[in-house]
Amino acid sequence: MAVGFRRGLLITLCAVISVLIFGTLGYRTLYPDSEPFDAFYMTVITITTVGFNEVFELDQAGKLFTAVLILLGWSVLTLALAVITSNIVSGKLTTVFGRKKVKRQIEKIKDHYIVCGFGRMGAIVSNQLANGSVPFVVVESDVASCEKLDLNEMLFIQGDAGDEDVLRRAGIERARGVVAAVGSDAENVFICLTARQMNQRLFILARSLDEAAERKLRAAGANIVISPYSIGGMRMANAILRPHVVDLLDLAMFSEEMDVLMEQITLPEGSSMVEKTLKQSNIHIDYGLIIIGIRRADGRFHFNPSGNTRLEAGDTLITMGPHGDLKRLENHL
């Protein structure tokens with residue numbers, strides 16, 4: 001729709017310029033002694049019919065040419081007005097400038113995630129990233145889905161997520177990670193391959209419909225592969241076997257009613273807590289947080305660490321506590 005509007009506007013603009021050139025050359029031909037600017041001025045006041053005095057006296061041929069120019073000019077101006085008005089009324093003009101604004105925002109974004117596919121899975125991921133104030137860009141080929149993205153004011157690019165040019169427009173060189181969540185495993189494998197070739201530092205999360213595709217997705221460059229059916233089945237089983245554990249995890253990770261969250265916080269270089277023991281850091285006393293586990297920078301995981309566990313730069317603390325206290329600790333670090 002936006003492309004059609006731009007084409008119509010360009011054609012109309014060319015028609016207006018053509019009339020101005022036609023009128024200027026016509027008056028110069030009929031009145032060789034006139035100045036070029038005077039001929040141009042006569043053309044403008046003629047097609048706009050503003051009613052100013054004529055620059056030079058018109059003879060019979062000049063009056064006939066002026067009449068033709070008025071009809072021609074008014075036809076073009078009426079067409080231009082109709083094109084602009086119809087597109088303003090239908091919202092196309094807003095769409096065109098809105099997409100340009102979105103394009104500028106995408107060109108500036110960095111350390112973001114690229115969500116490939118806005119189906120049921122991609123929509124959930126996008127909404128969670130938006131709720132967590134994490135920057136992201138959606139790549140989607142379906143027109144109806146793109147209209148939903150536009151309505152929700154999410155940054156998106158319409159196109160094939162496996163296309164290098166589309167991923168480049170989504171800022172893959174500056175991105176932190178890619179979520180491959182399109183409808184087929186084959187497409188997700190191709191997205192992982194393309195993304196990994198374009199940016200070796202990316203964290204790639206892929207969706208797998210078939211468990212047999214997990215090996216291929218990892219070989220294609222995915223760091224983590226998630227099978228919704230496998231996870232859904234395990235969750236249903238745990239809801240039967242360990243209902244209270246499932247409830248607690250739901251409250252800690254997804255509930256908006258309770259002010260208790262489970263979060264991961266990384267200790268940066270130079271933090272005052274580095275090289276201190278967990279007890280010496282006073283995290284529990286000063287912030288009221290529970291440290292469930294610590295993942296070291298080399299990938300080792302310590303569950304339920306003791307107070308004598310020494311903290312190191314790059315450690316990721318798996319913590320649980322009130323949202324405000326978690327934020328205070330993040331700001332301190």
Subject >> Within-4.5 Å side-chain heavy-atom neighbours: I283 and M273 >> reply: yes

Original post:
In terms of heavy-atom contacts, does CZ of F203 have more than 12 from other residues, nucleotides or ligands at under 6.0 Å?
Top reply: yes

Original post:
Under 4.5 Å between any side-chain heavy atoms of M42 and Y31, yes or no?
Top reply: no

Original post:
Would you say the side chain of V137 lies within less than 4.5 Å of the side chain of H112, judging by non-hydrogen atoms?
Top reply: yes

Subject >> Contact check, side chains of N223 and L205, non-hydrogen atoms, under 4.5 Å >> reply: no

**OP:** With the side chain counted from C-beta on, respond yes when S208 and K216 share a heavy-atom pair under 4.5 Å apart, and no when they do not.
**Re:** no

N/O donor-acceptor pairs under 3.5 Å from side chains in residues 284-302, not counting sequence neighbours:
{"unit_1": "H284", "atom_1": "ND1", "unit_2": "L289", "atom_2": "O", "d": "3.3"}
{"unit_1": "R295", "atom_1": "NH1", "unit_2": "G299", "atom_2": "O", "d": "2.7"}
{"unit_1": "R296", "atom_1": "NH1", "unit_2": "R310", "atom_2": "O", "d": "3.0"}
{"unit_1": "R296", "atom_1": "NH1", "unit_2": "D315", "atom_2": "OD1", "d": "3.4"}
{"unit_1": "R296", "atom_1": "NH1", "unit_2": "D315", "atom_2": "OD2", "d": "2.5"}
{"unit_1": "R296", "atom_1": "NH2", "unit_2": "R310", "atom_2": "O", "d": "3.1"}
{"unit_1": "D298", "atom_1": "OD1", "unit_2": "R300", "atom_2": "N", "d": "3.1"}
{"unit_1": "D298", "atom_1": "OD1", "unit_2": "R300", "atom_2": "NE", "d": "3.3"}
{"unit_1": "D298", "atom_1": "OD2", "unit_2": "R300", "atom_2": "NE", "d": "2.7"}
{"unit_1": "D298", "atom_1": "OD2", "unit_2": "R300", "atom_2": "NH2", "d": "3.3"}

Subject >> Residues, nucleotides or ligands: over 12 heavy atoms within 6.0 Å of Q264 CD >> reply: no

Subject >> Least distance between heavy atoms, P305 atom then T309 atom >> reply: CB-OG1, 3.5 Å

Subject >> Over all atoms of both residues, closest heavy-atom pair of V178 and A195 >> reply: CG2-CB, 4.2 Å

Subject >> Student check: side-chain heavy atoms of I204 and I191 closer than 4.5 Å >> reply: no

Original post:
CD of E153: more than 12 outside heavy atoms within 6.0 angstrom?
Top reply: no

Subject >> Common cluster, I114/V189, ILVMFWY with side-chain heavy-atom separation under 4.5 Å >> reply: no

**OP:** Might you confirm whether atom CZ of R120 has over 12 heavy atoms from other residues, nucleotides or ligands at distances under 6.0 Å?
**Re:** no

Original post:
Would a 4.5 Å heavy-atom cut-off, applied to side chains only, mark R207 and I226 as touching?
Top reply: no

Subject >> Basic-acidic side-chain contact under 4.0 Å: E330, K327 >> reply: yes

Original post:
Roughly how far apart are I240 CD1 and N238 CG, rounded to 0.5 Å?
Top reply: 9.5 Å

Subject >> ILVMFWY network linking I47 to I45, side-chain heavy atoms under 4.5 angstrom >> reply: yes

**OP:** Side-chain contact test, heavy atoms from C-beta onward, threshold under 4.5 Å: evaluate it for E312 versus L267 and give yes or no.
**Re:** no

Original post:
Same cluster or not: are I172 and L217 linked, directly or through other Ile, Leu, Val, Met, Phe, Trp or Tyr residues, by side-chain heavy atoms under 4.5 angstrom apart?
Top reply: no

**OP:** Identify the residue among F40, Y27, F65 that makes a ring pair (Phe, Tyr, Trp, His ring centres under 6.0 Å) with F22.
**Re:** F65

**OP:** Drop me the distance from H244's NE2 to D247's CG, to the nearest 0.5 angstrom.
**Re:** 7.5 Å

Subject >> L69/V19 under side-chain contact (heavy atoms from CB on, under 4.5 Å): CA gap, chis, key distance, verdict >> reply: CA-CA 8 Å; L69 186 60; V19 171; 4.0 Å; yes

**OP:** Show your reasoning for whether side-chain contact (heavy atoms from CB on, under 4.5 Å) applies to S272 and H332.
**Re:** CA-CA 9 Å; S272 60; H332 172 75; 3.4 Å; yes

Original post:
Under the side-chain contact (heavy atoms from CB on, under 4.5 Å) criterion, do N127 and M154 qualify, and how do the steps go?
Top reply: CA-CA 10 Å; N127 288 328; M154 292 183 179; 3.2 Å; yes

Subject >> Residue pair V134 / F136: nearest heavy atoms and the distance that separates them >> reply: O-CD2, 3.3 Å

